[in-house]
Amino acid sequence: MKIVVLCGGLSTERKISFSSGTKVCAALRSKGHRAVLVDLFNGLEDYGEEVISHPECLFEQLPDLRPVVFDGKAPDLEAVKRARKYRSPSLFGRGVLEICRAADMVFIALHGLNGEDGRVQAAFDLMGIRYTGSGYLGSGMGMNKIITKEMVRPAGVLTADWHDYHGVTEADIERMEQENPVPCVIKTPTGGSTVGVYLIHQEAEFVPALRQCLKYGNDILVEQLIEGREFTCAVLGDRALPCVEIVPKKGGYDYSNKYQAGATDEICPGRIPDELAGRMGEMALTVHRTLGLRTYSRSDFIIDSDDRIFFLEVNTLPGMTPTSLVPQEAAAVGISYEDLCQFIVEDACRYF
């Protein structure tokens with residue numbers, strides 16, 4: 001198949017997306033596919049006008065894949081915008097839609113806003129472009145932590161109590177501080193990779209963290225802080241995979257610890273009784289089905305000292321980097337990275 005691996009984009013997870021996309025593209029080529037890596041935001045502008053006019057030529061002479069080295073830092077998105085040659089408000093770079101139309105399938109390796117939030121999927125639906133992963137509606141709901149919690153709690157999924165706020169201004173801060181006992185967690189509801197997440201242990205930390213969170217947007221989620229052990233559990237097709245226990249070697253499971261090789265111990269299967277692991281898997285399946293997700297997803301959990309399993313959030317386009325968790329869970333049941341990518345492509349064909 002001719003496959004575009006769409007990555008990059010314009011979100012705080014841009015660098016991670018390149019890492020995922022490069023590995024996916026190499027895996028698909030090893031399976032015999034004519035796979036091309038394309039940045040959603042910059043598109044084909046570095047290839048020149050001839051390629052932009054005839055993007056299908058890239059499937060004939062596949063461009064080399066350059067290794068991606070993650071530096072542990074979030075991208076400077078304003079610098080990314082300034083560096084783009086194509087002066088347009090469109091998030092689609094030059095030639096992106098054209099090469100996606102010329103492909104048999106688009107493997108969406110985007111993460112975060114402008115990829116995981118359903119807008120790219122909606123555009124592709126309107127244009128008749130086939131793509132991997134969940135559709136626009138499930139993606140949109142899964143990206144918003146507030147909507148996700150409102151959807152899955154009535155389905156029996158235990159989640160921390162919360163307050164959600166919309167259109168927050170400076171005038172709301174005092175009220176928010178009074179309404180939320182400490183300890184708590186302040187989050188931007190559409191963030192990813194632990195960007196825009198602040199753990200509050202002392203009252204003096206609340207207002208500075210809230211102001212910092214407002215830099216990401218005016219909608220705010222404040223949750224009860226659940227102390228415990230962190231786990232994640234993926235759904236692949238119609239089954240839950242073995243869970244992963246996440247143990248950072250230093251500090252919390254933040255942006256850098258998630259993606260720096262060796263920064264976190266990731267134990268698969270997690271060190272919990274089979275009964276508890278089974279319940280976590282059922283919760284992950286409930287989240288997946290309640291939101292109408294497709295092919296694969298990954299839900300994050302905390303288990304407290306009373307063995308209660310609290311759902312945190314769902315990832316509708318889980319990372320596929322060398323340190324990502326879904327490939328580890330798939331490997332635990334004998335599915336290689338290459339076979340996992342092939343399954344995602346084949347399963348996507350069922351929906352188009």
> Can you name the salt bridge (Lys or Arg N to Asp or Glu O under 4.0 Å) partners of E179, sequence neighbours left out?
Replying inline: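 So E179 forms a salt bridge (Lys or Arg N to Asp or Glu O under 4.0 Å) with R175.
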Cation-pi between [X] and [Y]: NZ/CZ under 6.0 Å from ring centre and within 45° of the ring axis?
| X | Y | answer |
| --- | --- | --- |
| R294 | Y351 | yes |
| K23 | Y337 | yes |
| R84 | F41 | yes |

Hydrogens and angles aside, do [X] and [Y] bring a side-chain donor and acceptor to less than 3.5 Å of each other?
| X | Y | result |
| --- | --- | --- |
| S11 | N114 | no |
| H33 | Q342 | yes |
| S20 | S17 | no |

> Is there any salt bridge (charged side-chain N to carboxylate O under 4.0 Å, His left out) pair reaching into residues 317-330, and which pairs are they, with sequence neighbours excluded?
Replying inline: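 Salt bridge (charged side-chain N to carboxylate O under 4.0 Å, His left out) check on residues 317-330 returns no pairs.
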>> Taking salt bridge (charged side-chain N to carboxylate O under 4.0 Å, His left out) as the cut-off, I'd like each qualifying pair that reaches into residues 74-83, sequence neighbours left out, listed once.
In response: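 Those involving residues 74-83 are E78-K81.
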>> According to side chain to side chain donor-acceptor pair (under 3.5 Å), who are the partners of R239, at least two apart in sequence or on a separate chain?
In response: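 Side chain to side chain donor-acceptor pair (under 3.5 Å) list for R239, sorted by chain: empty.
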>> Which residues pass the side chain to side chain donor-acceptor pair (under 3.5 Å) test with H163, not counting sequence neighbours?
In response: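 Residues passing side chain to side chain donor-acceptor pair (under 3.5 Å) with H163: N180.
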> Listed by chain and number, what are the ring-ring contact (aromatic ring centres under 6.0 Å, His included) partners of Y131, not counting sequence neighbours?
Replying inline: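 ring-ring contact (aromatic ring centres under 6.0 Å, His included) list for Y131, sorted by chain: F352.
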